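As structure tokens, the structure follows; a few thoughts come after it.
Predicted model only: the values in this text are computed from it and were never measured.
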Amino acid sequence: MLLLALPMLLMKTVNIVPVEGQSITIRDFRDFIQIAGLSYIVFKAISLYIDERNNKNKIQFIDFFNFLAFVPTLLIGPLDRFQRFQKDVDNGYQNMNKELIYKGWENFILGLLFKFILAEAIRRLILANLVDDGSLLYHITYAYTYLIYLFFDFAGYSLLAIGAGNFIGIHVPINFDKPFLAVNPKEFWKRWHKSLGDWLNDYFFKPIFKDLTSRGIFKSITRQNIALMLTFTLMGFWNGFEFHYILSGMLFGLYSVIHNYYVYRCKKTKKDVFFGKLNPKIIRVLSIFILFNAVTFAIYIFSGNLI
């Protein structure tokens with residue numbers, strides 16, 4: 001798996017090497033190895049390797065290449081699974097029906113609206129005109145605006161990829177599903193970049209937790225929290241080796257650990273240790289509000305504008 005990840009590790013390592021004062025060769029090499037979509041290709045290759053090893057089913061090269069190089073999802077996902085993808089491929093033209101094509105047009109048009117109208121309007125009209133005077137108001141405005149911009153930009157691209165896949169009979173998995181209505185970190189990652197969250201859960205969190213359990217070390221809640229923190233730290237490194245990416249991933253890990261321990265304490269004491277006996281509707285509204293602001297801060301760290 002380290003060998004499979006080596007190209008991605010090399011690219012992200014070179015990204016943080018200063019180029020000022022370096023020879024033209026160093027700068028050219030840095031530009032040469034910038035391969036769009038490499039992180040997604042690496043994660044797909046790792047999942048294929050693990051699945052093939054566990055199932056002991058040999059995957060044909062043409063199927064391997066078709067899955068890794070599937071154009072609509074090549075650059076920034078969503079992260080599909082080979083078995084699901086191959087099932088659609090094997091069905092061939094049977095999947096190319098008017099219902100799926102109609103659905104593809106819906107996704108494609110909505111993707112165009114999100115990415116090239118709403119995201120572009122936010123970037124050009126607000127983000128591009130914000131003046132960094134170092135004030136708290138500037139940072140607050142930038143943080144919330146950037147979060148909304150990133151959602152429309154990323155969700156828009158995902159919808160374009162889903163729509164393009166639908167046109168040729170491929171059910172590309174949904175990536176965003178009203179993430180700002182999530183009430184806790186676990187639900188958020190089932191709504192925001194869901195395909196990445198599911199991948200990390202299946203190929204990183206579960207194996208770590210299973211290994212810690214087999215060794216019989218720590219309590220169950222501690223094993224879960226260790227696995228959560230390592231998983232989200234990996235997500236930070238996956239985005240890039242720059243400090244703001246790593247810190248953002250660790251922040252999301254911290255949020256998940258805090259929520260996981262909160263759920264654990266609630267179950268153990270058989271009562272809500274934070275909200276008490278508040279009305280469930282009020283708890284939901286407060287949970288959405290708290291999480292939305294926590295996500296805003298983590299995404300602002302991710303943007304690199306603060307650090």
Side-chain angles (χ1 to χ4, degrees), residues 1 3-15 30-52 59-92 95-96 100-101 103-116 119-120 150-177 192-200 202-204 234-235 237-241 245 302:
M1 286 190 288
L3 287 174
L4 289 171
L6 188 60
M8 180 183 71
L9 296 175
L10 178 61
M11 183 181 76
K12 293 184 182 296
T13 301
V14 173
N15 279 345
R30 177 171 175 170
D31 293 337
F32 175 74
I33 66 169
Q34 300 307 304
I35 302 172
L38 182 60
S39 297
Y40 286 87
I41 292 173
V42 166
F43 269 29
K44 283 183 176 182
I46 290 175
S47 67
L48 274 172
Y49 167 72
I50 294 174
D51 291 343
E52 186 180 37
I59 297 173
Q60 300 298 316
F61 176 78
I62 187 64
D63 296 329
F64 168 82
F65 179 80
N66 190 31
F67 175 64
L68 257 61
F70 184 59
V71 174
T73 62
L74 183 61
L75 296 180
I76 56 173
L79 269 169
D80 208 345
R81 302 299 176 87
F82 176 78
Q83 296 298 334
R84 196 223 59 76
F85 176 82
Q86 192 59 37
K87 183 179 179 180
D88 281 349
V89 173
D90 292 340
N91 285 337
N95 280 5
M96 295 179 66
L100 191 58
I101 292 175
K103 183 180 177 183
W105 275 116
E106 284 187 329
N107 288 321
F108 202 80
I109 292 171
L110 190 60
L112 290 174
L113 171 66
F114 275 26
K115 183 169 179 62
F116 294 106
E120 275 299 295
L150 183 64
F151 166 73
F152 282 122
D153 184 70
F154 201 176
Y157 181 91
S158 295
L159 285 166
L160 290 172
I162 293 169
N166 293 157
F167 291 150
I168 54 176
I170 304 295
H171 295 82
V172 177
I174 189 171
N175 222 16
F176 290 85
D177 182 22
W192 176 284
H193 207 342
K194 182 180 184 300
S195 63
L196 175 62
D198 290 345
W199 192 98
L200 289 170
D202 291 344
Y203 295 104
F204 204 77
L234 170 70
M235 185 185 72
F237 278 101
W238 178 72
N239 284 314
F241 288 180
Y245 290 138
F302 171 88

| query | Would you say the side chains of Tyr203 and Asp51 form a donor-acceptor pair under 3.5 Å? | reply |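 Yes - a donor-acceptor pair under 3.5 Å links their side chains.
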
Point-to-point distance, once rounded to the nearest 0.5 Å, from [atom1] of [X] to [atom2] of [Y]:
{"X": "Ile41", "Y": "Ile46", "atom1": "CD1", "atom2": "CD1", "answer": "12.5 Å"}
{"X": "Phe116", "Y": "Phe152", "atom1": "CZ", "atom2": "CZ", "answer": "15.0 Å"}
{"X": "Met1", "Y": "Leu6", "atom1": "CE", "atom2": "CG", "answer": "14.0 Å"}
{"X": "Lys103", "Y": "Glu106", "atom1": "NZ", "atom2": "CD", "answer": "9.0 Å"}
{"X": "Gln83", "Y": "Asp88", "atom1": "CD", "atom2": "CG", "answer": "12.0 Å"}
{"X": "Leu4", "Y": "Ser47", "atom1": "CG", "atom2": "OG", "answer": "10.0 Å"}

Heavy-atom side-chain contact between [X] and [Y] under 4.5 Å:
{"X": "Asp177", "Y": "Lys194", "answer": "no"}
{"X": "Ile109", "Y": "Leu113", "answer": "no"}
{"X": "Phe114", "Y": "Leu160", "answer": "no"}
{"X": "Phe85", "Y": "Thr73", "answer": "no"}
{"X": "Leu68", "Y": "Leu48", "answer": "yes"}
{"X": "Leu159", "Y": "Phe108", "answer": "no"}
{"X": "Asp63", "Y": "Phe82", "answer": "yes"}

Shortest non-hydrogen contact from [X] toward [Y]:
{"X": "Ala161", "Y": "Pro72", "answer": "CB-O, 3.2 Å"}
{"X": "Gly165", "Y": "Val172", "answer": "CA-CG2, 4.0 Å"}
{"X": "Ile101", "Y": "Phe167", "answer": "O-CE2, 3.7 Å"}
{"X": "Gly169", "Y": "Leu100", "answer": "CA-CD2, 3.6 Å"}

**OP:** Walk me through it: do Arg81 and Asp198 pass the test salt bridge (charged side-chain N to carboxylate O under 4.0 Å, His left out)?
**Re:** CA-CA 10 Å; Arg81 302 299 176 87; Asp198 290 345; 5.5 Å; no

Check: For Phe237, does the CZ atom have more than 12 heavy-atom neighbours from other residues, nucleotides or ligands under 6.0 Å away?
Finding: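 Counting other residues, nucleotides and ligands, CZ of Phe237 stays at 12 neighbours or fewer.
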
Donor-acceptor check, side chain of [X] to backbone of [Y], threshold 3.5 angstrom: yes or no?
{"X": "Asp153", "Y": "Ala119", "value": "no"}
{"X": "Asn66", "Y": "Phe70", "value": "no"}
{"X": "Asn166", "Y": "Trp105", "value": "no"}
{"X": "Arg84", "Y": "His171", "value": "yes"}
{"X": "Lys44", "Y": "Phe67", "value": "yes"}
{"X": "Tyr40", "Y": "Leu74", "value": "no"}

Step-by-step side-chain contact (heavy atoms from CB on, under 4.5 Å) determination, Val42 to Trp238
CA-CA 10 Å; Val42 166; Trp238 178 72; over 6 Å; no

Determine the interplanar angle of the Phe176 and Phe154 rings, folded into 0 to 90°, and report it as parallel if under 30°, tilted if 30 to 60°, perpendicular if over 60°.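 Perpendicular.
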
> Could you go step by step and tell me if Trp199 and Phe204 meet the ring pair (Phe, Tyr, Trp, His ring centres under 6.0 Å) rule?
Replying inline: CA-CA 8 Å; Trp199 192 98; Phe204 204 77; 7.9 Å; no

